[in-house]
Amino acid sequence: MYESKNPQLTPELYAYVLEHNPLDPVQHELVDVTHQRFGDVAGLQTAQEQGPLLAFLVRLTGARQIVEVGTFTGFSTLSMAQALPEDGRLIACDVSEEWTDVGREAWRKAGVADRVDLRIAPAIETLRALPQGPWIDMVFLDADKGSYVDYWEELVPRTNPGGLLAVDNTLFHGDVSDPGTTGGGAAIRAFNDHVRADDRVETVLLTVADGLTLARRR
């Protein structure tokens, strides 16, 4: 094994990254409000640099039908919805009215509320009720880690050939490299192995934020 080429992500370097992945005013406000109102759990928010990346992926793939599992205060939702065409739709799955109410306000301010179909219920129930057969163009999975495999098995058959599945936190703070890890780390290790063995997709695991897996449906 050779030495990693990744530089140490110092605060100065991270600030530089954010400077070159700029957010718009509504996105900035949503990030700030999330940290002000939900400081203890604000880390659940998708990393700031992932917002522009998700929007880029929506445009790159030409996605029109997106399913998001895990919305929190809606930063990732906002980023993807802004990149959708006017007739595009994003089904957002979450269990919290309190958190997603913050997102609703941001979506309204950005003029994309009509593109977001928010469904408040256990995500596995929402996914199982979705139409069968391939119709989803893009997936973003960022929810409870212990259910990732279950979500994956509902989403992959519903994803169009050539469609994209993006999965967050697949390095889980670095814990995935420890065979003895427990909790979320163990769940993500199992998920990563499950994905690697899945011949329905081709995948790449990236060191973006806390780890981002991109999978293309064959």
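In what follows, residues are counted from 1 in the order of the sequence shown.
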Self-check item: Intermediate values then yes/no, side-chain contact (heavy atoms from CB on, under 4.5 Å), Leu214 and Leu57
Solution: CA-CA 10 Å; Leu214 299 180; Leu57 292 172; 4.1 Å; yes
Practice problem: Start with the C-alpha distance between Val31 and Gln45, add both sets of side-chain angles, then the distance that settles side-chain contact (heavy atoms from CB on, under 4.5 Å), and finish with yes or no. | Solution: CA-CA 8 Å; Val31 170; Gln45 186 179 65; 3.8 Å; yes
Same apolar cluster: [X] and [Y], side chain cutoff 4.5 Å:
X	Y	result
Phe172	Leu141	yes
Leu90	Phe140	yes
Phe75	Leu118	yes
Trp135	Met80	no
Leu155	Met138	no

Self-check item: Leu53 side, atom CG; Asn21 side, atom CG - distance, nearest 0.5 Å
Solution: 8.0 Å
Quiz item: For Arg218, does the CZ atom sit with more than 12 other heavy atoms under 6.0 Å from it, leaving out its own atoms?
Solution: yes
Practice problem: Count the heavy atoms belonging to other residues, nucleotides or ligands that lie under 6.0 Å from OH of Tyr14, then report whether that count exceeds 12. | Solution: yes
Exercise. Apply the test side-chain contact (heavy atoms from CB on, under 4.5 Å) to residues Gln27 and Ser79: give CA-CA distance (whole Å), side-chain angles for both, the deciding distance (0.1 Å), then the verdict.
Key: CA-CA 8 Å; Gln27 291 174 322; Ser79 301; 3.3 Å; yes
Quiz prompt | Basic-acidic side-chain contact under 4.0 Å: Lys145, Asp142 | solution = yes
Quiz item: Is a salt bridge present between Arg108 and Glu105, judged by a nitrogen-to-oxygen distance below 4.0 Å?
Solution: yes
How about [X] and [Y]: do any of their side-chain heavy atoms sit closer than 4.5 Å?
X	Y	result
Ile188	Tyr148	yes
Thr181	Val176	no
Thr126	Val69	no
Leu30	Thr73	yes
Pro85	Arg64	yes
Phe72	Thr46	no
Arg158	Arg217	no

Quiz item: Are a donor atom and an acceptor atom from the side chains of Thr100 and Asp94 found within less than 3.5 Å of each other?
Solution: no
Quiz item: For Phe191, which of Val167, Asp150, Asn169 qualifies under side-chain contact (heavy atoms from CB on, under 4.5 Å)?
Solution: Val167
Quiz item: Any idea which heavy atoms bring Leu54 and Ser76 closest together, and the distance?
Solution: CD1-CB, 3.8 Å
Quiz item: Given the rule in the side-chain contact (heavy atoms from CB on, under 4.5 Å) test, do Asp117 and Arg119 qualify, once you have shown the distances and angles that lead to the verdict?
Solution: CA-CA 6 Å; Asp117 178 2; Arg119 303 190 184 186; 2.7 Å; yes
Self-check item: Gln82 vs Asp24, side chain to side chain donor-acceptor pair (under 3.5 Å): CA-CA, chis, key distance, verdict
Solution: CA-CA 11 Å; Gln82 289 175 305; Asp24 67 31; 2.8 Å; yes
